[in-house]
Amino acid sequence: MTKNHSVLLKEDKCEGCTNCVKGCPTKAIRVHQGKAWIKEDLCLDCAECIRACEYHAKYTKTDELTQIVESNYPILLIPPSFYSQFTENTSAAKIKKAILNLGFKAVFDVAEAAAALSRKTLDFLNNNSGSFISSSCPVIVRLIKLQFPDLIEMLIPLKSPVELMAEKLEKKFKEEKNINPDIFFLTPCPAKLTTVKRAIGQKESFLSGAIGVENIYKKIYESLENIKLEQPETEIITLATIWGSEGGEQSILQSWQDINTLSVSGIKEVKKLLNEIERNNIAESIKYFELTSCLDGCIGGVLNVINPFQAKFNLEQRIKKIKEISKNQKLELNISDDEYYNFALPDEITADDISKLDHDFKIAMQKLEQLQKEIEILPGLDCAACGAPDCKTFAEDIVNGRAVRVDCIFMLRQQLGELADELSNLANELPPVMASKKEETDDS
């Protein structure tokens, strides 16, 4: 993989088992000569291959903590899902203090920008007709760009919470403190690291980098016991913390207004839903779709440490505690410094220009004809034993010169059977010289 992607491959650990091939939602992975390889223009950095690989051959390399803290005024942004990695009895104040002790100059909650975005989203939905899809999950946006281009117009043209928060802090620190900070994100998934390299709907990200939760969690957890706070521990009184799990955004919107929303998590289920939307099989009354690539939302991110079921419980308990602290009063989201938020995406989200066969139209048509022939010849079992996810994809690889028919075990067996029959027939035939002598003997 190149610098444009965050999911990487350790070839020495790859056993060519094809589990990743079967699990990839965009058919971006193949196995040839016993090793996997990733077709870059189809990869979403969704991390499904990381989850599927039993040999740990797929991984993500995020920024190193030692390098981050040596940068110019490092700031760390915490996603709401990070609090799910701790029980509700571990205060946010303690967690932030532990992070500061690692060398960061400041720590901020992305939940603050999530709250502001929720309010802006509601305004957008009330002022625009039709149905819309959240653009906060980068994997879902890339999936739509790649496989569902007709649905791009449904993507809500607003920045993600982390980009909003990073832009706001960059502006504030420059104006108020004359500091040009380096802003990093504590990411639960590889896709958000990819957005630092390849921003969506904007020329570049406001983030300087990202560090995976798994790379910093242990240091934070081990230091919590020794953390002493100068002021009494207080919990964050914001409902936006619920953004970390599936349906969090939906819950916030519905707490303000009775609006028809639908929340779906898990990229396989999301693909099914997008297919139904594309076919107009979803009720028109649904105004907003909250779609996340990871099961249960960001708490299911592959870079998190805690089991997602435990993480979901932890976050629910934390929200419950927040409500108890507020004495069950209606929680108002803390939307401050709105003048620093620039919600609109500056650039249009466009479809990915992926030519499956060839950029030259004439050659592409020739390959298409050859592709149809290959598909008819192949067994159509979609067993993935050839190293491709299905027979159609395998046929495309043959047409593009990346595979040959005998890579298919059934085609190889058929060819060997035909060869065996030819050898058997040959074994019963005499050479021409001997055959002519036998004919003379028969005549006499």
Side-chain angles (χ1 to χ4, degrees), residues 62-115 161-162 165-166 168-170 172-173 176-177 179 181-188 192 207-244 298-299 301 303-306 310-311 313-326 333-334 336-337:
T62 62
D63 294 321
E64 297 291 336
L65 179 62
T66 53
Q67 296 175 337
I68 290 175
V69 296
E70 291 176 357
S71 63
N72 177 50
Y73 207 90
I75 293 176
L76 188 66
L77 303 185
I78 305 176
S81 60
F82 184 62
Y83 291 111
S84 71
Q85 305 298 289
F86 306 89
T87 66
E88 75 277 9
N89 295 322
T90 306
S91 72
K94 263 195 173 183
I95 295 171
K96 288 182 177 180
K97 181 65 175 177
I99 293 173
L100 289 172
N101 289 345
L102 295 176
F104 288 93
K105 299 294 184 182
V107 183
F108 294 91
D109 286 298
V110 173
E112 181 185 324
V162 64
M165 196 67 190
K168 167 192 169 179
L169 292 174
E170 181 182 278
K172 284 197 71 173
F173 272 80
E176 297 178 4
K177 300 183 179 182
I179 293 175
D182 287 321
I183 304 172
F184 297 88
F185 180 56
L186 185 55
T187 181
K192 288 186 171 65
L207 295 167
S208 300
I211 183 170
V213 171
E214 62 182 8
N215 295 336
I216 197 175
Y217 175 81
K218 186 177 180 181
K219 294 180 183 295
I220 295 172
Y221 182 80
E222 291 177 342
S223 67
L224 287 173
E225 187 176 346
N226 300 320
I227 296 293
K228 303 297 181 184
L229 298 175
E230 298 176 0
Q231 299 177 351
E233 295 184 21
T234 56
E235 186 56 271
I236 304 172
I237 310 300
T238 172
L239 189 59
T241 306
I242 204 172
W243 256 71
C298 291
I299 61 173
L303 299 184
N304 284 328
V305 175
I306 300 300
Q310 176 68 53
F313 175 81
N314 289 347
L315 199 62
E316 288 174 349
Q317 293 300 109
R318 188 173 291 270
I319 295 297
K320 182 179 179 181
K321 186 175 182 179
I322 290 173
K323 291 181 178 180
E324 289 175 353
I325 292 173
S326 66
L333 297 182
N334 178 25
S336 59
D337 300 329

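All residue numbers in this chain count up from 1 along the given sequence. Small disclaimer: the values here were computed from a predicted structure and weren't measured.
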Please check this pair: side chain of [X] against backbone of [Y], looking for a donor-acceptor N/O pair closer than 3.5 Å.
| X | Y | value |
| --- | --- | --- |
| Ser208 | Phe184 | no |
| Asn304 | Pro188 | no |
| Asp63 | Phe185 | no |

Atom pair [atom1] ([X]) and [atom2] ([Y]), whose distance is rounded to the nearest 0.5 Å:
| X | Y | atom1 | atom2 | answer |
| --- | --- | --- | --- | --- |
| Lys96 | Asp109 | NZ | CG | 3.5 Å |
| Leu65 | Glu70 | CG | CD | 9.5 Å |
| Cys298 | Leu303 | SG | CG | 11.0 Å |
| Glu316 | Glu88 | CD | CD | 11.0 Å |
| Leu169 | Glu112 | CG | CD | 8.0 Å |
| Glu214 | Thr187 | CD | OG1 | 10.0 Å |

For Gln67, check side chain to side chain donor-acceptor pair (under 3.5 Å) against everything at least two apart and list the hits.
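Once residues adjacent in sequence are excluded, Gln67 has no partner under the side chain to side chain donor-acceptor pair (under 3.5 Å) criterion.
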Return the minimal non-hydrogen interatomic distance between [X] and [Y], and the atom names on each side.
| X | Y | value |
| --- | --- | --- |
| Ala166 | Leu207 | CB-CD2, 3.8 Å |
| Ile227 | Lys97 | CG2-CG, 3.5 Å |
| Pro181 | Glu170 | CG-CA, 4.3 Å |
| Gly103 | Pro74 | O-CG, 3.8 Å |
| Pro161 | Trp243 | CG-CZ3, 3.3 Å |
| Arg318 | Thr87 | NH2-O, 2.8 Å |

Would you say [X] and [Y] make side-chain contact, with heavy atoms under 4.5 Å?
| X | Y | result |
| --- | --- | --- |
| Ile78 | Tyr83 | yes |
| Ile211 | Leu186 | yes |
| Asn314 | Ile299 | no |
| Asn89 | Gln317 | no |

So with a 6.0 Å cut-off around OH of Tyr221, is the heavy-atom count from everything else above 12?
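No - once you tally the heavy atoms of other residues, nucleotides and ligands closer than 6.0 Å, there are 12 at most.
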For Glu225, does the CD atom have more than 12 heavy-atom neighbours from other residues, nucleotides or ligands under 6.0 Å away?
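No, because the 6.0 Å sphere around CD of Glu225 holds 12 heavy atoms or fewer from other groups.
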side-chain contact (heavy atoms from CB on, under 4.5 Å) partner of Leu102, chosen from Ile220, Ile68, Val107, Thr66:
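Testing each of Ile220, Ile68, Val107, Thr66 against Leu102, the sole residue satisfying side-chain contact (heavy atoms from CB on, under 4.5 Å) is Ile220.
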Should the ring pair Phe82 and Phe86 be called parallel, tilted or perpendicular, given that the plane angle runs from 0 to 90° and is split at 30 and 60?
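Phe82 vs Phe86 ring planes: perpendicular.
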Polar side chain donor-acceptor pair, Asn215 to Thr62, under 3.5 angstrom
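Yes - a donor-acceptor pair under 3.5 Å links their side chains.
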Step-by-step side chain to side chain contact (heavy atoms under 4.5 Å, CB included) determination, Ile306 to Tyr217:
CA-CA 10 Å; Ile306 300 300; Tyr217 175 81; 3.6 Å; yes
Quick one: ring-ring contact (aromatic ring centres under 6.0 Å, His included) partners of Phe173, sequence neighbours excluded?
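For Phe173, the residues satisfying ring-ring contact (aromatic ring centres under 6.0 Å, His included) (neighbours in sequence not counted) are Tyr73.
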